[in-house]
There are 2 protein chains.
Amino acid sequence: MSDRDDAVWKSLGEFIKAQRELANLSLRQLAELAKVSNPYLSQVERGLYKPSAEVLKNLANALHMSAETMYGQAGLLDEDSKGAAPHGVENAIKLDPALSQDQKETLIRIYRGFTER
Amino acid sequence: MSDRDDAVWKSLGEFIKAQRELANLSLRQLAELAKVSNPYLSQVERGLYKPSAEVLKNLANALHMSAETMYGQAGLLDEDSKGAAPHGVENAIKLDPALSQDQKETLIRIYRGFTER
DNA sequence: ACTGTATGCTAAGTTTACCAAGCACACGCT
DNA sequence: AGCGTGTGCTTGGTAAACTTAGCATACAGT
């Protein structure tokens, strides 16, 4: 059950702290901007807690950076993950509200038939 | 204060369920792939809980989609990342370097057949 | 009939993200 | 000397994410 991603989350805290100081913000100032309490932000910066995605998004906004960058630093953006990137077609199909589930299934099956060899 | 997110999270559960069924996975199968318990996944799909970013990432991996797409559907990407274009499917097909011209035409023809009445 | 197994759901519990209140130190003021 | 305000940190508590054990149905072998 134990995770060994400690280093990942610890460095996330250091990253946030670095960005905060780079923006010349105090703990409380950033906490208010990101709509979290200041003790909690302190604990996040020291790696005691893993902030939720919602908090990360607010922090990213407060620090004027994209949420993707934040998630990437948090280690939950799957660095190179297996074949997610080159499949823009599949994602577009899956997200299209004009298609029924059966139709999506059909299209994806055909698409995979084309791309697999 | 957080009521305005309800619709977002509710649809996230439906989205996950749709993707799961699209991949022909049972609740337990997807739960195992995403390293969560199956009752929890059931509750997530019905909108009772907001999955954490880590769970979201694992779910995205298990469903062969990018984590960004997942976060986008979950509504916790910056609001500047706007909603998917209604006809992103055709563009994605045209831009896919893995498809031949014939294959692109075939896919687009099928897609249009689906979306026309 | 009677298992065995697959499906999803419920109940009860543990863990943890997160907050409100307050502590301790440092730096200006008057 | 005080007083006020800024900094980050600690302490208790609550709510929600998440798990383990188990229920109920449905469908396949004997």
Side-chain angles (χ1 to χ4, degrees), chain A residues 1-6 8-63 67 70-71 73-76 101, chain B residues 1-63 67 70-71 73-76:
Chain A
M1 294 282 189
S2 56
D3 293 333
R4 30 144 142 53
D5 329 282
D6 287 4
V8 174
W9 289 103
K10 176 167 166 289
S11 72
L12 170 66
E14 293 170 359
F15 174 74
I16 292 175
K17 179 172 184 178
Q19 295 305 316
R20 175 175 65 81
E21 290 171 344
L22 212 149
N24 280 323
L25 291 171
S26 76
L27 249 167
R28 288 168 209 263
Q29 286 173 326
L30 177 57
E32 173 145 4
L33 287 174
K35 300 188 180 78
V36 296
S37 68
N38 64 81
Y40 177 58
L41 180 56
S42 166
Q43 287 157 337
V44 164
E45 287 190 348
R46 283 176 299 149
L48 298 182
Y49 292 124
K50 308 178 181 182
S52 73
E54 208 165 352
V55 169
L56 279 178
K57 176 190 140 203
N58 288 338
L59 282 170
N61 278 341
L63 291 170
M70 205 69 202
Y71 295 146
Q73 248 294 320
L76 29 81
Q101 187 154 317
Chain B
M1 209 69 140
S2 55
D3 287 339
R4 112 196 131 102
D5 301 321
D6 279 6
V8 175
W9 286 104
K10 174 169 165 289
S11 72
L12 171 66
E14 293 170 358
F15 174 75
I16 291 175
K17 179 172 184 178
Q19 297 309 314
R20 174 174 65 79
E21 291 171 345
L22 215 159
N24 281 321
L25 291 171
S26 76
L27 246 165
R28 286 167 209 263
Q29 287 173 326
L30 178 56
E32 173 146 4
L33 286 173
K35 299 187 179 74
V36 296
S37 66
N38 64 81
Y40 176 58
L41 180 56
S42 166
Q43 287 157 338
V44 164
E45 286 190 349
R46 284 177 297 148
L48 298 182
Y49 292 124
K50 307 177 180 186
S52 72
E54 205 164 357
V55 169
L56 239 32
K57 173 193 136 198
N58 288 338
L59 281 170
N61 275 343
L63 290 170
M70 204 69 197
Y71 295 145
Q73 253 292 322
L76 29 77

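Order of the sequence lines fixes the chain letters, A, B, ..., with proteins taken first and strands second; residue numbering starts at 1 for each chain.
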Distance in angstrom units between [X] [atom1] and [N] [atom2], rounded:
X	N	atom1	atom2	result
B:Y49	C:dT10	OH	C1'	11 Å
B:L48	C:dC9	CG	P	10 Å
B:E32	C:dT7	CD	P	11 Å
B:E54	D:dT19	CD	P	11 Å
A:N38	D:dT11	CG	P	16 Å
A:L30	D:dG6	CG	C1'	16 Å
A:L59	C:dA17	CG	C1'	13 Å
B:L27	D:dT19	CG	P	13 Å

When you get a sec, tell me which of [options] is the closest nucleotide to the side chain of [X]?
X	options	value
B:Q43	D:dT19, D:dA21, C:dG8	D:dT19
B:P51	D:dC18, C:dT7, D:dC9	D:dC18
A:S42	C:dG8, D:dC9, D:dG8	D:dC9
B:S52	D:dC9, D:dC18, C:dC9	D:dC18
B:Q29	D:dA21, C:dT7, D:dA17	C:dT7

Got a second to check how far B:L27's CG is from B:L41's CG, nearest 0.5 Å?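 With rounding to 0.5 Å, CG (B:L27) is 5.0 Å from CG (B:L41).
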OP1 or OP2 of C:dA6 versus the side-chain N and O atoms of B:S26: is any pair under 4.0 Å?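 Checking B:S26 against C:dA6: no side-chain N or O falls below 4.0 Å of OP1 or OP2.
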For D:dT7, does OP1 or OP2 lie under 4.0 Å from any side-chain N or O of A:R20?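 No, outside the criterion.
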Touch class at under 4.0 angstrom, heavy-atom based, for B:K17 against every strand present: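 Result for B:K17 = nothing.
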Using a heavy-atom cut-off of 4.0 Å across all strands, would you classify A:S37 as base, sugar-phosphate, or nothing?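 Touches a base.
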Relative to the 5' end of DNA chain D, which residue comes earlier, B:L41 or B:R28, by the nucleotide with the nearest heavy atom?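 First, find each residue's nearest nucleotide; the 5'-ward one identifies B:L41.
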Among A:L33, A:L59, A:L25, the one residue meeting side chain to side chain contact (heavy atoms under 4.5 Å, CB included) with A:R20: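 Of all the options given, the one that passes is A:L25.
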Would you say A:E32 has more than 12 foreign heavy atoms packed within less than 6.0 Å of its CD?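 No, because the 6.0 Å sphere around CD of A:E32 holds 12 heavy atoms or fewer from other groups.
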Quick one: on DNA chain C, does B:E21 or A:V36 contact a more 5' nucleotide (nearest heavy atom)?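 The residue whose closest nucleotide sits nearer the 5' end is B:E21.
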Could you report the tightest heavy-atom contact between B:N24 and B:Q29, atom names first, then the distance?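 Looking at all heavy atoms of both residues, the closest pair is O-OE1, 4.0 Å.
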Please report the closest heavy-atom contact between B:A60 and B:M70, naming both atoms and the distance.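 Minimum heavy-atom contact is CB-CB, 3.9 Å.
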